[in-house]
Amino acid sequence: MPAWLMKTEPDVFSIRDLHRMRVSPWDGVRNYQARNFMRAMAVGDTVVIYHSNAEPSGIAGLAEVARTAYPDHTAWDPASPYHDPKDGPAIARWSMVDVRFVAEAKRFLPLDQLRAEPQLADMLLFSRSRLSVQPVEDRHLAWIRSAAGM
DNA sequence: GCCAACGTTGGC
DNA sequence: GCCAACGTTGGC
């Protein structure tokens, strides 16, 4: 089963917010590569939740895909911070999925620790640092689960 | 289709 | 708040 990593700024939406909501749409992704990865997701896929722009940044928990990709209507809403003036219901260029809370990391994994781990050296997190939705290898996921206690 | 200008991400 | 990396836009 494929696994993914999705970034969120905890000041905006954190693993605890997801815990509280249980299921949440993952809106606001405005990058084609990230969008295409979301479109490839299946219900039940594991999602590693990564806190970016945080102190510290790092892996904060686990979620799973609860609904496959559907149009991200926040792009059509002029009042939304994710508004895309070039988009509309007839175009629907952006997608989102729903994610369901699975676990908060018992041990938060800060970026420093991830970078220092040789087994994670080839994670896209480091080579494609600006990609907010990305696939995660099984062996990386196994290491993350074990290190975070989840 | 190239590429310079511009905007955004995200670590620090 | 700064700035490097890098994705996107738009003129040509």
Side-chain angles (χ1 to χ4, degrees), chain A residues 2-21 24-41 45-65 68-137 139-141 143-150:
Chain A
W4 311 92
L5 180 145
M6 299 175 96
K7 297 181 183 176
T8 180
E9 302 194 14
D11 291 350
V12 179
F13 189 80
S14 72
I15 187 71
R16 293 196 173 157
D17 294 322
L18 181 59
H19 192 178
R20 216 172 295 122
M21 292 180 65
S24 173
W26 202 271
D27 58 14
V29 173
R30 298 291 179 267
N31 169 282
Y32 288 107
Q33 208 177 352
R35 179 203 70 180
N36 292 342
F37 284 132
M38 285 199 296
R39 288 182 175 179
M41 291 177 180
D45 285 1
T46 297
V47 178
V48 174
I49 303 295
Y50 180 90
H51 282 176
S52 61
N53 267 316
E55 291 185 18
S57 294
I59 290 170
L62 277 188
E64 65 181 15
V65 175
T68 53
Y70 59 104
D72 183 348
H73 52 77
T74 65
W76 319 333
D77 176 4
S80 167
Y82 306 123
H83 180 229
D84 176 358
K86 290 181 183 161
D87 198 28
I91 302 169
R93 71 202 288 216
W94 302 116
S95 296
M96 58 186 173
V97 296
D98 288 353
V99 300
R100 177 181 295 111
F101 176 84
V102 172
E104 182 170 349
K106 285 199 189 69
R107 294 176 294 275
F108 179 86
L109 304 177
L111 181 57
D112 281 355
Q113 184 185 347
L114 302 174
R115 259 208 285 256
E117 173 49 51
Q119 294 189 57
L120 301 183
D122 52 344
M123 276 190 80
L124 291 176
L125 185 62
F126 312 120
S127 56
R128 303 292 321 285
S129 61
R130 292 187 47 194
L131 187 59
S132 63
V133 178
Q134 53 186 258
V136 174
E137 302 280 341
R139 64 205 161 85
H140 295 151
L141 178 64
W143 188 93
I144 289 163
R145 280 180 177 283
S146 159
M150 65 190 182

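Labels below follow one simple rule: chain letters A, B, ... track the order of the sequence lines, proteins then strands, and each chain is numbered from 1. Note: hydrogens, waters and symmetry copies are ignored here, and every other heavy atom, side chains too, is used.
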Item to check | pair A:H140-A:L5: side-chain heavy atoms closer than 4.5 Å | outcome: no
Checklist outcome for this item: Scanning both residues in full, the closest heavy-atom pair of A:I59 with A:A105 reads O-CB, 4.2 Å
Checklist outcome for this item: So the side chain to side chain donor-acceptor pair (under 3.5 Å) pairs with at least one residue in residues 6-18 of chain A (sequence neighbours excluded) are A:E9-A:N53, A:S14-A:D17, A:R16-A:E104, A:D17-A:R20
Checklist outcome for this item: When A:G28 and A:R115 are each assigned the nearest nucleotide of DNA chain B, the 5'-most assignment goes to A:G28
Next on the checklist: If you take any heavy atom closer than 4.0 Å to DNA chain B, which residues from residues 45-58 of chain A end up in contact?
Outcome noted: A:Y50, A:S52, A:N53, A:S57
Checklist outcome for this item: Contacts satisfying ring pair (Phe, Tyr, Trp, His ring centres under 6.0 Å) that involve residues 75-100 of chain A (not counting sequence neighbours) are A:Y32-A:W94
Next on the checklist: Would you say that A:L62 contacts A:R145 through its side chain, given a criterion of any heavy-atom pair below 4.5 Å between the two side chains?
Outcome noted: yes
Checklist entry - Between atom CZ in A:F126 and atom P in B:dG11, what is the gap in whole Å? => result 11 Å
Item to check | Basic-acidic side-chain contact under 4.0 Å: A:D84, A:R30 | outcome: no
Item to check | side-chain hydrogen bond (donor to acceptor under 3.5 Å, both in side chains) between A:H73 and A:D27, worked out | outcome: CA-CA 8 Å; A:H73 52 77; A:D27 58 14; over 6 Å; no
Checklist entry - Of all heavy-atom pairs between A:M41 and A:D45, which one has the smallest distance, and what is that distance? => result CA-OD2, 3.6 Å
Item to check | From CA spacing to verdict: side-chain contact (heavy atoms from CB on, under 4.5 Å), A:Q134, A:L125 | outcome: CA-CA 8 Å; A:Q134 53 186 258; A:L125 185 62; 3.8 Å; yes
Checklist entry - Does A:F126 offer a backbone N or O that forms a donor-acceptor pair with the side chain of A:S129 under 3.5 Å? => result no
Next on the checklist: Can you classify the ring geometry of A:F13 versus A:W26 as parallel (below 30°), tilted (30 to 60°) or perpendicular (above 60°)?
Outcome noted: perpendicular
Checklist outcome for this item: When the rotation axes relating C1' atoms of four end pairs to the next four are compared across the helix from B:dG1-C:dC12 to B:dC12-C:dG1, five pairs an end, they differ to 10° by 10°
Next on the checklist: A:M38 vs A:V65, test: side-chain contact (heavy atoms from CB on, under 4.5 Å). Steps then yes/no.
Outcome noted: CA-CA 10 Å; A:M38 285 199 296; A:V65 175; over 6 Å; no
Anything under 3.5 Å between a protein N or O and an N or O of nucleotides 7-10 of chain C, put it in a table, one pair a line.
unit_1: C:dG7; atom_1: OP1; unit_2: A:R128; atom_2: NH2; d: 2.9
unit_1: C:dG10; atom_1: OP2; unit_2: A:K86; atom_2: NZ; d: 3.4

Checklist outcome for this item: Here the residues of residues 7-14 of chain A within 4.0 Å heavy-atom distance, strictly under, of DNA chain C are none
Item to check | A:V29 vs A:D72, side-chain contact (heavy atoms from CB on, under 4.5 Å): CA-CA, chis, key distance, verdict | outcome: CA-CA 8 Å; A:V29 173; A:D72 183 348; 5.7 Å; no
